[in-house]
Trainee: 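Attaching a single structure in structure tokens format; questions to follow.
Hydrogens, waters and symmetry mates play no part in the numbers below; they use all other heavy atoms, side chains included. In the text below, chain A, chain B and the rest are named by the order of the sequence lines, each starting its count at 1.
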Amino acid sequence: WEEERYPEGIKWKFLEHKGPIFAPPYEPLPENVKFYYDGKVMKLSTKAEEVATFFAKMLDHEYTTKEIFRKNFFKDWRKEMTSEEKSTITNLSKCDFTHMSQYFKAQTEARKQMSKEEKQKIKEENERLLKEYGYCVMDNHKERIANFKIEPPGLFRGRGNHPKMGMLKRRIMPEDIIINCSKDSKIPAPPPGHKWKEVRHDNKVTWLVSWTENIQGSIKYIMLNPSSRIKGEKDWQKYETARRLKKCVDKIRNQYREDWKSKEMKVRQRAVALYFIDKLALRAGNEKEEGETADTVGCCSLRVEHIKLHPELDGQEYVVEFDFLGKDSIRYYNKVPVEKRVFKNLQLFMENKQPEDDLFDRLNTSILNKHLQDLMEGLTAKVFRTYNASITLQQQLKELTNPDDNIPAKILSYNRANRAVAILCNHQRAPPKTFEKAMMNLQSKIDAKKEQLADARRELKSAKADAKVRRDEKSKKSVESKKKAVQRIEEQLMKLEVQATDREENKQIALGTSKLNYLDPRISVAWCKKWGIPIEKIYNKTQREKFAWAIDMAEEDYEF
DNA sequence: GGCTCCGACTCAGAAAGATAAGT
DNA sequence: GACTTATCTTTCTGAGTCGGAGC
């Protein structure tokens with residue numbers, strides 16, 4: 001499917017699908033599950049009860065202790081109440097959801113305890129739904145749909161310090177839904193008694209279904225799976241653009257270094273920002289509406305308060321200390337030595353400014369991207385992230401792979417290379433809840449193994465001594481087998497220690513995002529072919545489906 | 001030209017669920 | 001071999017990027 005088949009902007013000629021699956025309707029709680037207000041049992045109306053269950057289900061979560069979450073929730077909940085309920089329930093702190101919460105926990109537990117047959121039945125039902133709704137036909141190909149289920153109602157959970165956390169995400173009805181498919185396809189039927197908001201036939205877009213969400217007023221879509229032609233082609237294009245950047249990146253770097261000296265403030269800011277984007281793989285940083293989302297920034301939206309300048313720090317000159325919240329409120333913290341000119345420019349940009357002022361006051365993403373477009377066709381800020389991630393992987397693999405290593409050791413090298421990229425892109429995760437415990441378990445295993453090794457060595461020693469005295473076949477054999485035992489235990493110990501290092505290094509690093517979105521899969525495929533590593537060791541089934549194009553295309557001599 | 005708004009798409013980590021490994 | 005625990009995979013949906021329309 002690599003060749004361009006359609007004129008500009010046309011995404012398909014034929015599109016047929018079954019429409020979305022809606023969230024199951026609300027099932028009222030059994031009579032014996034009580035809600036208490038101010039210590040007294042209170043029977044809620046169905047609508048108010050449903051919203052209450054959303055809160056009850058999250059009761060153990062930290063969210064429900066947050067002031068903003070509670071305030072937003074209570075406000076939206078009251079909108080669903082009858083006037084009597086409204087006049088009674090005036091204080092969230094007097095609401096007791098614990099019984100409801102226990103009921104849901106018991107239900108989860110019961111689900112876990114279900115018999116094999118029951119579980120099988122559910123599985124089969126899910127498979128049936130997947131078969132019916134999970135696929136569409138786009139231009140002679142049956143393609144998997146990514147998210148064919150409509151998001152159920154619930155409480156909005158933003159990331160970080162989101163001003164809208166706790167608000168009610170309303171139930172989506174067929175009347176909210178826009179269907180997109182081709183005219184000559186079998187148009188999906190709305191559920192009985194309902195109709196779609198609209199049916200359109202727009203082949204300049206890739207989505208099948210859309211609706212407007214009520215928290216931010218943004219549009220949500222149902223689109224195809226990453227394994228589909230339309231997504232794969234786009235992915236391939238993305239890496240091809242990054243490879244084109246490789247060819248002219250030196251020129252661009254020289255250019256922005258020149259621009260640091262420009263007479264125009266705007267040009268200088270643009271050049272310093274681009275330097276950060278290139279060197280540190282920062283995101284572009286679009287401006288955001290204040291108060292609508294969590295306060296996070298990217299490169300162009302950095303504020304004075306997000307950087308500190310150190311003329312000298314820990315023996316290095318011209319160090320910039322970054323500390324800000326990026327996408328998903330993930331903290332970016334880094335101390336970077338920069339060139340003198342960059343440093344001087346930053347001092348200039350910060351002159352006479354307040355901490356909350358924009359660092360690059362003459363710059364935004366659209367100015368930056370327009371400039372990049374002039375430097376190379378199709379170049380935007382995010383291409384630098386893709387380029388630097390992929391080139392780093394390729395370099396690291398070259399550097400770290402030891403030809404004499406066995407397969408597990410080579411895979412460890414791969415993971416290390418992957419990790420270098422994840423660190424560059426600042427892909428972090430919360431340390432797993434069980435991390436400390438798991439680490440301690442592993443450590444005690446290592447300790448036990450060490451003791452075992454000491455024992456085995458002692459035994460070997462005495463067997464040797466024994467053999468020296470006796471000089472018979474039997475004791476010789478015993479020495480041999482003891483030797484093997486020691487070796488085996490040493491290997492096991494080493495394996496455990498490697499595992500411990502690997503896990504420790506990975507504590508706060510998320511490898512998945514870079515693997516899925518930034519690393520040209522052809523680099524990995526080529527590496528596997530070169531070293532005889534089965535591709536399954538690097539990519540699981542889903543990933544192999546997504547990267548099928550690369551697995552097909554790349555040979556062992558592929559160069560990014 | 002530049003600003004705002006919005007549509008369409010990619011990228012993001014948490015949580016749930018499934019499977020493998022260990023006891 | 002049953003049960004528990006650790007790890008891997010999948011699902012979910014929120015949060016970005018970027019381009020284009022309209023003024």
Side-chain angles (χ1 to χ4, degrees), chain A residues 9 11 58 61-63 108 111-112 119 122-123 126 130 146-152 154 156-160 162 164-165 169 178 180 202 204-207 210 212-213 215-226 230-231 234-235 237-238 277 282-289 292-294 296-301 325-330 364-370 372-373 378-386 389 422 425-435 437-439 441-442 445 499 503 506 508-518 539-543 545:
Chain A
K11 305 289 169 58
M58 293 177 75
H61 204 287
E62 203 202 332
Y63 273 115
T108 315
R111 228 173 299 134
K112 270 193 208 151
K119 281 184 183 167
I122 291 173
K123 206 173 162 190
N126 284 338
L130 173 66
N147 55 327
F148 52 91
K149 287 181 184 153
I150 299 278
E151 296 170 20
F156 176 79
R157 315 146 82 123
R159 304 275 175 88
H162 197 116
K164 298 194 173 182
M165 63 168 82
K169 238 174 71 163
I178 302 175
N180 192 33
D202 182 356
K204 291 191 169 62
V205 296
T206 66
W207 54 268
S210 77
T212 302
E213 152 273 347
I215 305 289
Q216 319 271 7
S218 63
I219 307 170
K220 298 253 185 180
Y221 303 94
I222 292 183
M223 292 185 190
L224 296 193
N225 198 60
I230 204 150
K231 294 288 185 190
K234 204 70 190 297
D235 208 33
Q237 262 178 31
K238 174 178 79 184
I277 284 170
L282 300 189
R283 295 187 185 83
N286 285 305
E287 47 275 62
K288 316 191 345 175
E289 213 174 328
E292 293 293 301
T293 59
T296 63
V297 297
C299 187
C300 294
S301 49
L325 296 181
K327 181 175 179 179
D328 290 334
S329 293
I330 300 289
N364 61 40
T365 52
S366 110
I367 296 173
L368 179 66
N369 279 332
K370 268 192 194 120
L372 293 176
Q373 190 62 237
L379 186 61
T380 62
K382 83 187 191 69
V383 179
F384 282 88
R385 246 167 107 78
T386 311
C425 294
N426 200 39
H427 289 141
Q428 296 187 34
R429 59 170 182 172
K433 285 210 167 59
T434 54
F435 185 85
K437 203 181 132 217
M439 216 58 208
N441 284 347
L442 191 57
K445 261 191 208 165
Q499 200 184 343
R503 195 185 291 176
N506 235 12
Q508 299 199 63
I509 299 170
L511 299 182
T513 302
S514 50
K515 200 173 188 177
L516 234 47
N517 301 304
Y518 289 102
Y539 290 139
N540 67 33
K541 185 168 146 278
T542 320
Q543 293 164 341
E545 279 166 12

Trainee: Do any N or O atoms from the side chain of A:Glu213 and from the backbone of A:Ser218 form a donor-acceptor pair under 3.5 angstrom?
Mentor: yes
Trainee: Using atom CD1 of A:Ile222 as one end and atom P of C:dT13 as the other, report the distance to the nearest whole Å.
Mentor: 11 Å
Trainee: Classify every nucleotide of nucleotides 15-23 of chain C by which part a protein heavy atom approaches to under 4.0 Å, writing B for the base, S for the sugar-phosphate alone and - for neither, in 5'-to-3' order.
Mentor: BSBBS----
Trainee: Which is true for A:Tyr518 with a 4.0 Å heavy-atom rule: it touches a base, it touches only sugar-phosphate, or it touches nothing?
Mentor: sugar-phosphate
Trainee: So what does A:Lys164 hit on the nucleic acid, given a heavy-atom distance under 4.0 Å: a base, only sugar-phosphate, or nothing?
Mentor: nothing
Trainee: From the list B:dT10, B:dC3, B:dG7, which nucleotide is the closest neighbour of the side chain of A:Met223?
Mentor: B:dT10
Trainee: In whole Å, I'd like the distance from the CD1 atom of A:Ile150 to the C1' atom of C:dC12.
Mentor: 13 Å
Trainee: Grab the CD1-P distance between A:Ile122 and B:dG17 for me, whole Å please.
Mentor: 10 Å
Trainee: Could you check how far CG of A:Leu516 sits from P of B:dA12, rounded to whole Å?
Mentor: 10 Å
Trainee: Taking N or O atoms only and anything under 3.5 Å, show me the protein contacts with nucleotides 7-9 of chain C, one pair per line.
Mentor:
residue	atom	partner	partner atom	Å
C:dT7	OP1	A:Arg503	NH2	2.0

Trainee: Are A:Cys425 and A:Thr513 side-chain neighbours, meaning at least one heavy-atom pair lies under 4.5 Å?
Mentor: no
Trainee: Want to settle it: does A:Asp235 or A:Tyr221 sit nearer the 5' end of DNA chain B, counting the closest nucleotide to each?
Mentor: A:Tyr221
Trainee: How close do A:Ser210 and A:Ile219 get, heavy atom to heavy atom, and via which atoms?
Mentor: CB-CG2, 3.9 Å
Trainee: So, the side chain of A:Lys515 versus the backbone of A:Ala422: is there a donor-acceptor pair under 3.5 Å, distance only?
Mentor: no
Trainee: Should A:His61 be listed as having a side-chain N or O under 4.0 Å from OP1 or OP2 of B:dA15?
Mentor: yes
Trainee: Any side-chain N or O of A:Thr206 below 4.0 angstrom from OP1/OP2 of B:dC9?
Mentor: yes
Trainee: Just to verify, what does A:Phe384 make a ring pair (Phe, Tyr, Trp, His ring centres under 6.0 Å) with, not counting sequence neighbours?
Mentor: none
Trainee: Has A:Asn369 got a side-chain atom pairing as donor or acceptor with A:Ala381's backbone, closer than 3.5 angstrom?
Mentor: yes
Trainee: Is the backbone N or O of A:Arg385 less than 3.5 Å from a side-chain atom of A:Arg283, with the two atoms forming a donor-acceptor pair by type?
Mentor: no
Trainee: Taking atom types as modelled, find out whether A:Glu287 and A:Ser301 have a side-chain donor-acceptor pair closer than 3.5 angstrom.
Mentor: no
Trainee: So, does A:Thr513 get its side chain near the phosphate of B:dG13, meaning an N or O under 4.0 Å from OP1 or OP2?
Mentor: yes
Trainee: Indicate whether OP1 or OP2 belonging to C:dC12 is found under 4.0 Å from a side-chain N or O atom of A:Lys220.
Mentor: no
Trainee: Check the distance between B:dA8's C1' and A:Asn180's CG and give it to me in whole angstrom.
Mentor: 12 Å
Trainee: State, yes or no, whether a side-chain contact exists between A:Thr293 and A:His162 at a heavy-atom distance under 4.5 Å.
Mentor: yes
Trainee: Using the side-chain heavy atoms of A:Lys11, tell me which of these nucleotides is nearest: C:dT13, B:dG13, B:dC9.
Mentor: B:dC9
Trainee: Taking atom P of B:dA14 as reference, at what distance in whole Å does atom CD of A:Gln508 sit?
Mentor: 11 Å
Trainee: Specify the separation, in whole Å, of atom OH of A:Tyr63 and atom C1' of B:dA15.
Mentor: 11 Å
Trainee: So A:Pro152, base contact, sugar-phosphate only, or nothing? Heavy-atom distance under 4.0 Å.
Mentor: sugar-phosphate
Trainee: Should C:dG1 form a Watson-Crick or G-U wobble pair with both distances under 3.5 Å, which nucleotide is its partner?
Mentor: none
Trainee: Between A:Lys231 and A:Asn426, which is nearer to the 5' end of DNA chain B once each is assigned its nearest nucleotide?
Mentor: A:Lys231
Trainee: Mind calculating the distance between CG (A:Asp202) and C1' (B:dA8) to the nearest angstrom?
Mentor: 11 Å
Trainee: Taking the six-membered ring for Trp, are A:Trp207 and A:Tyr221 parallel (under 30°), tilted (30 to 60°) or perpendicular (over 60°)?
Mentor: tilted
Trainee: Mind checking if A:Gln428 touches a base, just sugar-phosphate, or nothing, with heavy atoms under 4.0 Å?
Mentor: sugar-phosphate
Trainee: Are side-chain N/O atoms of A:Thr206 and A:Lys231 paired as donor and acceptor at under 3.5 Å?
Mentor: no
